[in-house]
Colleague: 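My questions all concern the structure below.
In listed order, ligands and their atoms are each counted from 1.
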Amino acid sequence: MSDSIDPVAALGRLRGTIDNIDAALIFMLAERFRATKQVGVLKAEHGMPPSDPAREEHQIARLRRLAEEADLDPEFAEKWFNFVVAEVIRHHEAAANGEH
Ligand SMILES: O=C(O)C(=O)C[C@]1(C(=O)O)C=C[C@@H](O)C=C1
């Protein structure tokens, strides 16, 4: 019966799950940036442009498909991707300017 649920305990359990997911996201983002920083150095060393719009278009289409499958708003998935890639491109530009 729902009356027998301790709402404070239920909230605590859900927050534990949220904290674990947030921690995993931070570790995954750190790994992604570790990889993209290497991409930035490679691009800078070989005179390649920081951004690759065709690659981004492909990534966005893929992420939108995955988001739909996962019942996540594809608009949100695209916004998240663009937010992360803007930071990646900032890092790439810094690497190209010898700031790494
Ligand atoms: O794949 C690349 O060329 C990258 O620089 C990585 C990345 C990304 O973060 O996924 C970032 C910028 C590019 O415009 C495309 C993709």
Colleague: Restricting to non-hydrogen atoms, name the atom on A77 and the atom on L72 that form the minimum distance, rounded to 0.1 Å.
Modeller: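 The pair with the smallest heavy-atom distance is CB-CD2, 4.4 Å.
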Colleague: Counting neighbours of NZ on K43 that are heavy atoms of other residues, nucleotides or ligands and sit closer than 6.0 Å, is the number greater than 12?
Modeller: yes
Colleague: List below, pair by pair, the N or O atoms of ligand 1 and of the protein that are less than 3.5 Å apart, including the distance to 0.1 Å; reply 'none' if no pair qualifies.
Modeller:
| unit_1 | atom_1 | unit_2 | atom_2 | d |
| --- | --- | --- | --- | --- |
| ligand 1 | 3 (O) | K43 | NZ | 2.7 |
| ligand 1 | 5 (O) | K43 | NZ | 2.8 |
| ligand 1 | 5 (O) | H92 | NE2 | 2.8 |
| ligand 1 | 9 (O) | R32 | NH1 | 2.9 |
| ligand 1 | 9 (O) | R32 | NH2 | 3.4 |
| ligand 1 | 10 (O) | R32 | NH2 | 2.8 |
| ligand 1 | 10 (O) | Q59 | NE2 | 2.8 |
| ligand 1 | 14 (O) | D52 | N | 2.8 |
| ligand 1 | 14 (O) | E56 | OE2 | 2.4 |

Colleague: Would E31 and R34 pass as an ion pair if we require N to O under 4.0 Å?
Modeller: yes
Colleague: Restricting to non-hydrogen atoms, name the atom on G40 and the atom on A95 that form the minimum distance, rounded to 0.1 Å.
Modeller: O-CB, 4.0 Å
Colleague: Measure the shortest side-chain to side-chain distance between V88 and R32 over non-hydrogen atoms and say whether it is less than 4.5 angstrom.
Modeller: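 Answer yes - side chains close enough.
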Colleague: Just to verify, what does L11 make a side chain to side chain contact (heavy atoms under 4.5 Å, CB included) with, not counting sequence neighbours?
Modeller: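 Partners of L11 by the side chain to side chain contact (heavy atoms under 4.5 Å, CB included) criterion, ordered by chain and then number, come out as R15.
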